[in-house]
Amino acid sequence: MLQTEFSNGSVSPKQKERKIIVINFLQTLPVREERIEHPPLTFTVREHSVGWNFDAAESLIRTYDGYADGFAFSGIQKHLGVPGAYVHHPAYLRLMRMATKTPIYVADDLREFFTEWTLKKVLLEQPQIFFKKKVLFQVATASSSLGQIAESGAEILAADPLMISSTPVRLHGMSQIRLFAKVLTPFAGPITFNLVRPARYSRKQNHCSTLGNWIKEADIFVGFGNIIAAMESFEPFAGKILVVDHVDISTRKRLEEAGVAQIIDFVPESAVRSMPESKHFPVLAAVIDQTRIFENSQLGFSDYLLRWLEQTKVSPKPLKTSRGIKRRCAFIFHALTQKDLWTVPSTKPFRRAPKFIRDFAEDALSNLPCLYVGNLTGVVSQATGQEVECDFYGFPATPRGILAMKEEYLYKRMIQCAEQARRRGAGIIGLGAYTKVAGDAGVTIARKASIPVTNGNSYSAATTLWAARQMVERLALISPERVGNRFKAKAMIIGATGSIGRVSSLLVSLVFQELVLVATRPDKLIELREEIKRLSPETKVTVTTQSSSEIMDADLIVTATSNQRGSVLDIELVKPGAVICDCSRPLDITQEQAAKRPDVLVIESGEVILPGHPKLSFDIGLPHPSVYACTAETVLLALEGRFESFSLSKQLSLEKTKEIYKLGVKHGAKLSAVQGPAGIITDEQIDRCRSLALERLKTWQIGAAS
Amino acid sequence: MKVFITGATGFLGKQVLNLLLSDQRIEQVDLVSRKKLTHPDPRVRVHQLDLSEPWSEYDFLEESDAIIHLAGLYDFKENFSQNYQQNVLPILNLVDRVRDLKRKPAPPILFASTYAVGFGGDQVLKEEPLKVLPPTYQSYAYTKAVAERALTDSGLAAHIFRLGILVGDSVEGHFEKIDGPYYLMRFLETAKKLPLLRFLKRIPLPYSPNGFLPLVPVDSAARIFYEALFLPALLEGEQHYYGVFNPESVQVELLGRSIFKEFLPGAEPRPLHKEFPHWIEKNQTKLTGIPKEFFNFSIAPVMLENPKFVSTFGAHRVPHFNEFRLTFFKGFHRCYKPNSAMAQ
């Protein structure tokens, strides 16, 4: 329950001008004065810096007791410790007894309240933010966020011995922190507090370097704004996430200049104008409580606070992305053919080796760990200015090698690669090509890896359909008329009830007026038709178990089958000028089949150009600066700060597909090259296809094609 | 002119008060004291109040044309709390009362700032607002600096006088308290009776020979405050900073040798440039009675610059040490009694 420390009334309850004396125990600053307007009251806040001198604080309280309307303590807490092992601050208790007329505000409860609220919001937006991350606490025993962060799956480290007693020992895990707090309780209580002068240690050279090294080894640092502000160098914070109770404007600027990846502070969006940020909580508690006293409210402090929060609409600060601070992600890919393996200088001699040696080398290489191959730089969001760098790790195996591997072994290798990426600062890793085809498409890897994992399927599906629509528009063979937002044309989805087929059907129903769903199971087809009717009531939906009956007048055909036994459609029956979007893996349309119908456009996937000035340090086999859609998904998630396992398993979700598509649009990703069975589809190919289709359409009769 | 003066019973305050009362243009002088005091001059009104007490009423301020704020604690041995209470809170209260005045423009404040005494370090004492505060463990310097910043930040019209090391007056050499170079004089006066010291030719002392110590006779400083009352009126919010010292008075080496010559002939001070380790520093204070702050100015002397003071009050307003050396030593011999409180 929230309580104010002392709230039995002020000296003059009806007075509109209120005086708050802030006693700052940590910093050494000039006496500062600020005015806060909080109608109907006006507060004059005067801050005295006493530099951990409790006698001076005592004499200030004695002097101003009854004269000031409130004392706000900054840089001190009621107690240190963890539940079950608290050490109460003896000097604090002495000071609390000293004031007999004026209330004292420490606001531990208010700080805890906003800490919890902010962290909940952060975890909602970035559920994986602390998961398996090394989180270093400056003083864990004084941190109100310890419990929540520990529960989020973080690896907890604490610098308490260094900060409290100058002992360069780092605590690992909650059990050691608990033990430390227990040792502190009976023996070191009053003595330790004389030693606790964190601001002093924060300036000492050897302490700074020890703490600096620990910060560098951690992913996230949880500290106190006052103590951090006193540190001389912010260099160790580069690339780290910083969690602080508050951070003043100048310190925030210094931290951002030092390259902090993200600052999470618990000071809410202020509803009180000109509230001093660095002393926010104690002063905020004073302002709220004094207003309560002025209004002569019958509510207790905690209830009044809830009402105040409701009235002022105060909420935790939204997470900010900071310009100029790079985020990192990683992507795993592998050689698609044996030939690709011999492109590396060290394996080039195998190119001319006999086949059995090459096969042996291929098998041997597939047991090597993932190697860092290069990176993608210069990706900058058009919307936020956020920059992302993506590291590429090569898995020296071909699809044959991967499919032959035991799943557990493959997972282990991928998890090792994710750990490697994490150490280089990646917040998320994407799985490319067959690394997501084998096994459960990332589910197990995501569960065991130290960073979130995404298989990129959502954006692959989105961009493929995006490319299909673009090709249909480029060919311009369908009627230019529109019904609402929909083309007056027919689309067919083969394998409509599968994971990709279902999502494709739902998305295509938003664009085409007529839809034919083809699948082998009638019950599922009917179910899907109902779903489409709910999503797009204007779309005419036909269901069938045979594709041949409707294939001849379909303008777009999407195949998304898991067919292993041959072709799912006869390409000879396809309408001239139609676009076939082959989403099946392995492909439904072979290169040979596609070559038979140059008047039909067969596409496999849409590649993406990321925003900014992307630059790849190596060749990924696409025209520069295009990247695969699954790579783009990883980068887009990093741009958005969504370090979470987004696309997992072979099941696609419509919501996620739409969401990642919208993220792409938001950050400025563009569709670039479109891949067909014979490689990138060129403009010439499209023009040729169109002219041939126009020619053939003159004689094309539905039902008589063959 | 009606003047309100704080610290009028102090070393400098007494001199300023005498100068004020010697001038017939001064119609009224208000001074404050914690004790109930009276003054024979009818122009003087004594108000019993505690300057650090926020409740205190300053009704008489409505009539004042100028405020001379000299009150403060001057004792390196006092703890942080006392220093804060005596040096910072009075100026804050004064600022509050001046702000509350209905009369505009508010009277200017003439403030004696002595933060630089006991600060030291590689600093330049310029005539501009203070930016860096001394560390809190230097309680005296820190609280004096905080007090000066409080006045600066208040935006009230003020003349801020940064005084050098106050010593006895230049006529009689009279002083009231062991302080600054008097510590060394007292130490040598006591130590020369020790047989061991008679045989020592060079006594190590932590000082840099090239530095300057800004010794200021108290009567010179008092005259500056008095004259400042008649400077052209300040505009609202106008603030001036003056370094009240002679930047060349006196070279540490010269002062050290002069003192040794006077008190321990035959011996010479030996400069130790590097700072003493903390335990030596602590024990030397116990042994010699010389507070560590005494050495701040001499180990790493503050660079002294005061063109504003020179242009406003004229060059050589603070005499060089050579001009009052004889009275300086004479004053010590006259005032220092080995068995008095000063000897403690």
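Proteins come first, then strands; the chains are lettered A, B, ... in the order of their sequence lines, and each starts at number 1. All heavy atoms count here, side chains included; hydrogens, waters and symmetry mates do not.
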Taking side chain as everything from C-beta outward and backbone as N, CA, C, O, which of these in [X] sits under 4.5 Å from a heavy atom of chain B? Side chain, backbone, both or neither.
X: Glu33(A); value: side chain
X: Asp55(A); value: both
X: Thr44(A); value: neither

Under 6.0 Å between the ring centres of [X] and [Y]?
X: Phe225(B); Y: Phe161(B); answer: yes
X: His246(A); Y: Phe281(A); answer: no
X: Phe309(B); Y: Phe245(B); answer: no

Can you tell me which residue among Glu148(B), Glu78(B), Lys144(B) is in a side-chain contact (heavy atoms from CB on, under 4.5 Å) with Asn87(B)?
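The single option meeting the side-chain contact (heavy atoms from CB on, under 4.5 Å) with Asn87(B) is Lys144(B).
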Could you tell me which portion of Ser52(B) (side chain, backbone, both or neither) has an atom closer than 4.5 angstrom to a non-hydrogen atom of chain A?
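Just its backbone gets close to chain A.
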